[in-house]
Amino acid sequence: MPRISKKKNIAAKRIYSVGIYARLSVDGEKAGGQRAYSQARKNESIETQIEIAKAFVRQQKDMVIFDCYTDIGKTGTNFHREGFERMMRDVRMRRIDCIIVKDLSRFGRNHIETGNYIERIFPFLGVRFIAVTDSFDSMNVSGQSEALGVNLKNLVNEMYARDIAVKVKASRKEKWSQGSYTGGVPPYGYRAAWIGDKKCLYIEETTSDIVKKIYDLFLSGKNMKEIVEWLYGKGIVRPALYHKTGRVYCQEGSELLQWSKATVKMILTNPVYMGYLVQGRTCGKDYRICDFRDMDSEKWSVKEHTHEAIVSKDIFFQAASRFEKSSVYCNKSSFSKSVPVEADIFDGILYCGDCGTKMRRVTQVKAFHSKERIRIYSYNCPKADRIDEHRCVTKSITLSTLTELVRKAIRQEFALSAMHLKDFVQISAREAETEKKEWNAQLIGLDRKIAELTKRGSEQYIQYRMGEMSESSFRKVRDDNSRRMAAFQIQQADIVEKLKEIDAYTARKNQCLRELAQGSAGTELTAEAVGTLIHRIEIYQDQRIKIIFAFKRRNMPEAQHGG
């Protein structure tokens, strides 16, 4: 009988696609205005975090780095950060399945949200999470003791952020009371210098003369556009470039960019130019420093005579008076506010075909003899108004013309079978299901919290009945449980509504797609359908458009259409 060899089935070892995340919250400058030094230190710290993570990956045989994600000048007390959000998009696209950070504080300082990501969201998405210097690996967590240790570290990180925020706010208020400038880059026309522990503003001769000239031009009757043209004609570089290079005028052979009207207006309305320091106009919510909101004017820190004025109070208030008269005139002569502005269905996908700039939507209200008023929309290239080398050719297209051209192009693509309705319906359904899974995971988490709270309430009641807890203590914990239970139930209700919205949104989008595919007359083009089918629209002169369909990413042909 022949001998039969038995081979062991060896499963292929999993290779993790790694995303390295690094964050630095420091966004200030060192004393003496050493911005270059401060930036170098920031980059060095970010690079150090990334290098620690890379060194860890090099020691692993089952990891490959996909990308690095960074956030500079972002607080860890919330997760509204560009680098973090880009990383999470790649997680949802299944591009990465392992996230590595230097330590837990680099990931976040809000212990509730950080714990939610580590304990619920990442496990649900199948993502491994590693904090190198904290020796934490979600794949190797065993028992409640390690999870408790991580939660304690996250809580300490949050308390540290809260304590630092309170100290910084108190220190800043003290400096305001002393008339110290606490901003970053000094206003155009001034330089900042430290006198002991106080940061003061001092007039710069050349740039302060330009500020005076701007006020003179405005009070002589010039508007923003005319002032911008005067600045460009004199070869004066923009404030941002001046602060970067120290050059007031454009050198021969260098590119000169025009000032923005907003910058001119800021100079004409900033009280700093009459010797006032107005600070504390925005603040963070509690210690979550990045969630800025405007403060009531009564809470602003206003200090007079903190530095030498560039213009007198009379000149400053004359300029303010002219702005006020202009505002009053516009409000009296305009009735456009009575006609609400509609959402832009082409927002984010409409570009100038010549310079690549996003097209600008403009609107005006038209009145009829019947007293009916409607809004008319059109799009143009914002660079057509420029006076420098970046000026673009003039082009414009109305919303009605653009909508008809796009509708026609979509029908044509369906007719040529370049687009298959069922494919888009399936894609739409998959996207909706993916989003609903994430919300359902949160719903399950809330169910568990409610169940735990109910169980704890029963145990506390038994302790009370057994005499192990006083009546006042029991009432206190019962009321606390009730408040938390109500909060969880409100969150549940919000998620249920969100799930319904997803279904309704998907249904509306698929209905619009069906009507477009069938060529139904008068089909309304919606933002949902446009976002599903079209990746980019480019506008050229003579109302010619180029449509790049979203399915081009799947090697489908590109279509061009002219008006």
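- Summarising the geometry, atom CD1 belonging to Ile539 is positioned 9.0 Å from atom OH belonging to Tyr379; distances are rounded to the nearest 0.5 Å.
- Between the side chain of Arg375 and the backbone N or O of Thr363 there is no donor-acceptor pair closer than 3.5 Å.
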* To do: Test Thr398 against Ile376 for side-chain contact (heavy atoms from CB on, under 4.5 Å), laying out the working first.
  => CA-CA 8 Å; Thr398 63; Ile376 298 176; 5.6 Å; no

Using the side-chain contact (heavy atoms from CB on, under 4.5 Å) rule, take Thr357 and His390 through it: C-alpha gap first, then chi angles, then the decisive distance, then the call. CA-CA 11 Å; Thr357 303; His390 291 273; over 6 Å; no

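- Annotation: side chain of Glu51 is not in contact with side chain of Thr48 (no heavy-atom distance under 4.5 Å).
- Heavy atoms from other residues, nucleotides or ligands lying under 6.0 Å from NZ of Lys265 number 12 at most.
- Looking at Ile310 and Ile203, their side chains come closer than 4.5 Å, going by heavy atoms from C-beta outward.
- Cation-pi geometry between Arg81 and Phe79 is met: the NZ or CZ atom falls under 6.0 Å from the ring centre, inside 45° of the normal.
- Between Ile130 and Val18 there is no side-chain heavy-atom pair separated by less than 4.5 Å.
- In Glu82, the CD atom is not crowded: 12 or fewer heavy atoms of neighbouring residues, nucleotides or ligands sit closer than 6.0 Å.
- Here Met87 contributes atom CE and Asp90 contributes atom CG; the two are 9.0 Å apart, rounded to the nearest 0.5 Å.
- Leu104 is listed as a side-chain neighbour of Ile118, based on a closest heavy-atom distance under 4.5 Å.
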Exercise for the section: Show your working on side-chain contact (heavy atoms from CB on, under 4.5 Å) between Arg360 and Asn380 and close with a plain yes or no. Expected result: CA-CA 5 Å; Arg360 174 178 59 196; Asn380 59 37; 3.2 Å; yes

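- Within the structure, salt bridge (Lys or Arg N to Asp or Glu O under 4.0 Å) pairs that include any residue of residues 218-240 do not occur (at least two apart or interchain).
- Closest non-hydrogen pair, Cys392 versus Asp354, comes out as SG-CB, 3.9 Å.
- Take Phe122 and apply the ring-ring contact (aromatic ring centres under 6.0 Å, His included) test, not counting sequence neighbours, and it matches Phe107, Tyr117, Phe129.
- Tyr188 is not listed as a side-chain neighbour of Met266, based on a closest heavy-atom distance of 4.5 Å or more.
- Atoms CD and CZ, from Glu204 and Arg191 in turn, are 7.0 Å apart once rounded to the nearest 0.5 Å.
- Annotation for Arg95 and Ser17: closest pair O-OG, 2.7 Å, computed over non-hydrogen atoms.
- Between Lys395 and Cys352 there is a side-chain heavy-atom pair separated by less than 4.5 Å.
- Within the cation-pi definition used here (under 6.0 Å to the ring centroid, within 45° of the axis), Arg361 does not qualify as a partner of Phe346.
- Between atom CD1 of residue Ile267 and atom OH of residue Tyr273 there is a gap of 4.5 Å, rounded to the nearest 0.5 Å.
- Here Asp97 contributes atom CG and Phe66 contributes atom CZ; the two are 11.0 Å apart, rounded to the nearest 0.5 Å.
- Between the His307 side chain and the Val272 main chain, a donor and an acceptor come within less than 3.5 Å of each other.
- Two residues are said to be in side-chain contact when any heavy atoms from C-beta on lie closer than 4.5 Å; Cys68 and Lys54 meet this criterion.
- Closest heavy-atom contact between Leu219 and Arg322: N-NH1, 4.5 Å.
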Ile96 and Val127: CA distance, side-chain angles, deciding distance, side-chain contact (heavy atoms from CB on, under 4.5 Å) verdict: CA-CA 8 Å; Ile96 60 176; Val127 175; over 6 Å; no

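- A pairwise comparison of heavy atoms in Gly189 and Thr207 identifies CA-OG1, 3.3 Å as the closest pair.
- Listed here is the closest heavy atom pair of Thr269 and Tyr215: N-OH, 4.3 Å.
- The shortest side-chain heavy-atom distance between Leu257 and Leu241 does not fall under the 4.5 Å cut-off.
- When atom types are taken as modelled, the side chain of Ser321 and the backbone of Gln318 share no donor-acceptor pair closer than 3.5 angstrom.
- Met88 contributes atom CE, which lies 5.5 Å from atom CG of Leu125 (distance to the nearest 0.5 angstrom).
- Side chains of Ser105 and Asp103: a donor on one and an acceptor on the other come within 3.5 Å.
- The number of heavy-atom neighbours closer than 6.0 Å to CD of Gln541, taken from other residues, nucleotides and ligands shown, is above 12.
- One N or O on the side chain of Gln49 and one on the backbone of Arg23 form a donor-acceptor pair closer than 3.5 Å.
- Of all non-hydrogen atoms in Gly83 and Tyr21, the two that sit nearest each other are C-CE1, 4.2 Å.
- Between the side chain of Trp259 and the main chain of Ile227, no donor-acceptor pair closer than 3.5 Å is present.
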